[in-house]
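This report refers to the structure that appears directly beneath it.
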Protein chains: 2
Amino acid sequence: MRPLRQEPIELAPGVTLWRRIADELEQAIALGTYKAGERLPGEVEIAARFGVNRHTVRHALAELARRGLVRAARGSGTYVEPARLSYPIGARTRFSEIVGSAGRDPEGRLIGHGQEAATPDIARRLDLKAGDPVVRLEILRTADGLPLCYTTSWLPAKFAANAARIFRARRSITATLAYFGIKDYRRQSTRITAGAADALDAERLQLSPGRAILIIDSINVTPNGTPVLTNRSRFAADRVELVVES
Amino acid sequence: MRPLRQEPIELAPGVTLWRRIADELEQAIALGTYKAGERLPGEVEIAARFGVNRHTVRHALAELARRGLVRAARGSGTYVEPARLSYPIGARTRFSEIVGSAGRDPEGRLIGHGQEAATPDIARRLDLKAGDPVVRLEILRTADGLPLCYTTSWLPAKFAANAARIFRARRSITATLAYFGIKDYRRQSTRITAGAADALDAERLQLSPGRAILIIDSINVTPNGTPVLTNRSRFAADRVELVVES
DNA sequence: TTTTATTTGTCCGTATGTATA
DNA sequence: GTATACATACGGACAAATAAA
């Protein structure tokens, strides 16, 4: 625990006290005064340093928790959450390369699969007819054991009926597509929205229901434009930052 | 009010009744059976058509509301929300062009501004020293009167001290930069995260606190690489879909 | 302006199947 | 095998907001 320097806060006009304190703490985290996993000083201590009431500090900490910067543990303290992983979104983003080059240990695990009839939406994405058989893979991706996202992938069953078995052996979508003779592919389109985590998201991503998630829909095609794979990924918004390559 | 065709639902194995009904309603909206702004049949009527209890319909409607597809109004009915606006994210995205080409009426209104000292983060983005003066503009952007996002823009005060006055006259960031002699600029970097709407977001974007928002940080540079503008935009996630150009 | 009917929101309850400890 | 917890589904009653008469 590092000491905060004594810093009686001057109130800027129109800015609330708790927000000022939240900003100060955020900056201290950004500057590395408090590092990921470290414990912040206790609420009473922070309050004393800034010369404010403990409730004001609680308000500021609640704001930081809401934004995913810190996590309060009752009876223990308030801890700095790890910084968001920068996740490039481009034509050839491959999960294991991204996470690996950030110095963290990537893992992609198949947590479910099945064969089903394409919904109108999936059929449109894969250039099939509604009702055509497709294979669905559910893949949970973690970095250093912490879930970052899970992806639902659909492939035409026409050529990929046993995709689940292949993925389990090869542990990579790229390698699975290669098995089916698809040596190269690229993202044709990427659409990003956001929402709140439902119970399933919360369980799989190990976060509390209602927290923000980023939803990325993509369509992947071969070099000659044939769609071979469409994904819907759900990211824990607190843990990633999507970087658009341009 | 259009009639739903009588459709006693057959229960697929492992799929709950309320989710089946939510899917049916979602598809009806996607197919245009119910259009944006239209009122769905009442809960009791839907329940009768599907042959289920009203609570089961309520569960399904709550799911659609959570995903931003419909909005319930007590005493009045449940209404279809407008489809998400596709918002391209690229090197030269200009709000008015995007919204205008979607056939909707764009407006950007200055709702606040000021001159302040650059925080370490803002200084880094604009290649300044911490404490250097910067101009901050708060711009609310709407389509057909509905708020889509609000953007906090920072420009070096060195050349843009009166940016607020210029923006108010020219009503466009591009035109404002042109006034300062910057004829062209492009996005150097774009970072996307998500979070929950706080009270300020909710008020400015006219949505309920806690709903999902998309946060986009960007840095804009001249053709020779000098940073001239950095933005933090907060989008109502229910109302837009970011499309990555590739 | 007042009344009335409609519609969503919030309770109370019951029963059943399923997964977990 | 038993007990517990949880989600699902159904039934009813009333409150609160809205809209129309």
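Within the 4.5 Å cutoff, side-chain heavy atoms of A:Val134 are placed close to those of A:Glu116. Looking only at side-chain heavy atoms (C-beta outward), B:Leu242 and B:Leu214 come within less than 4.5 Å of each other.
The base of C:dG9 is not paired with the side chain of B:His55 by any donor and acceptor separated by under 3.5 Å. A donor-acceptor contact under 3.5 angstrom links the side-chain atoms of B:Arg54 to the base of C:dG9.
Residue B:Asn53 places none of its side-chain N or O atoms closer than 4.0 Å to OP1 or OP2 of D:dA9. Considering only side-chain N and O atoms, B:Thr78 lies nowhere under 4.0 angstrom from the phosphate OP1 or OP2 of C:dT7. For C:dG9, the OP1/OP2 oxygens have a side-chain nitrogen or oxygen of B:Arg58 closer than 4.0 Å.
The aromatic rings of A:Phe95 and A:Tyr87 sit tilted relative to each other, their planes meeting at an angle between 30° and 60°.
With C:dC11, C:dG9, D:dT8 as the choices, the nucleotide that has an atom nearest any side-chain atom of B:Trp18 turns out to be D:dT8. The side chain of B:Ser76 sits closest to D:dA19 out of D:dA19, C:dG9, C:dT7. Closest contact between the side chain of B:Arg39 and the listed nucleotides D:dA13, D:dA9, C:dT7 involves C:dT7. With D:dT8, D:dC10, D:dG12 as the choices, the nucleotide that has an atom nearest any side-chain atom of B:Thr16 turns out to be D:dT8. Nearest to the side chain of B:Arg74, among C:dT8, D:dA9, D:dG11, sits C:dT8.
Separating the CZ atom of B:Arg71 from the C1' atom of C:dT8 is a distance of 13 Å, rounded to the nearest angstrom. Rounded to a whole Å, the CG atom of B:Leu61 is 14 Å from the P atom of C:dT7. Rounded to whole Å, the distance from CD on A:Glu203 to P on D:dA7 is 11 Å. Regarding B:His59, its NE2 atom lies at a distance of 17 Å from the P atom of C:dT8, rounded to whole Å.
At distances below 3.5 Å, not a single donor-acceptor pair connects side-chain atoms of B:Thr56 with backbone N or O atoms of B:Val52.
Across every strand in view, D:dG1 sits unpaired, with no contact that passes the Watson-Crick or G-U test at under 3.5 angstrom.
Residue order along DNA chain D, read from the 5' end via each residue's closest nucleotide, puts B:Arg19 first among B:Gly75 and B:Arg19.
Around the CZ atom of B:Arg84, the shell of radius 6.0 Å holds more than 12 heavy atoms that belong to other residues, nucleotides or ligands.
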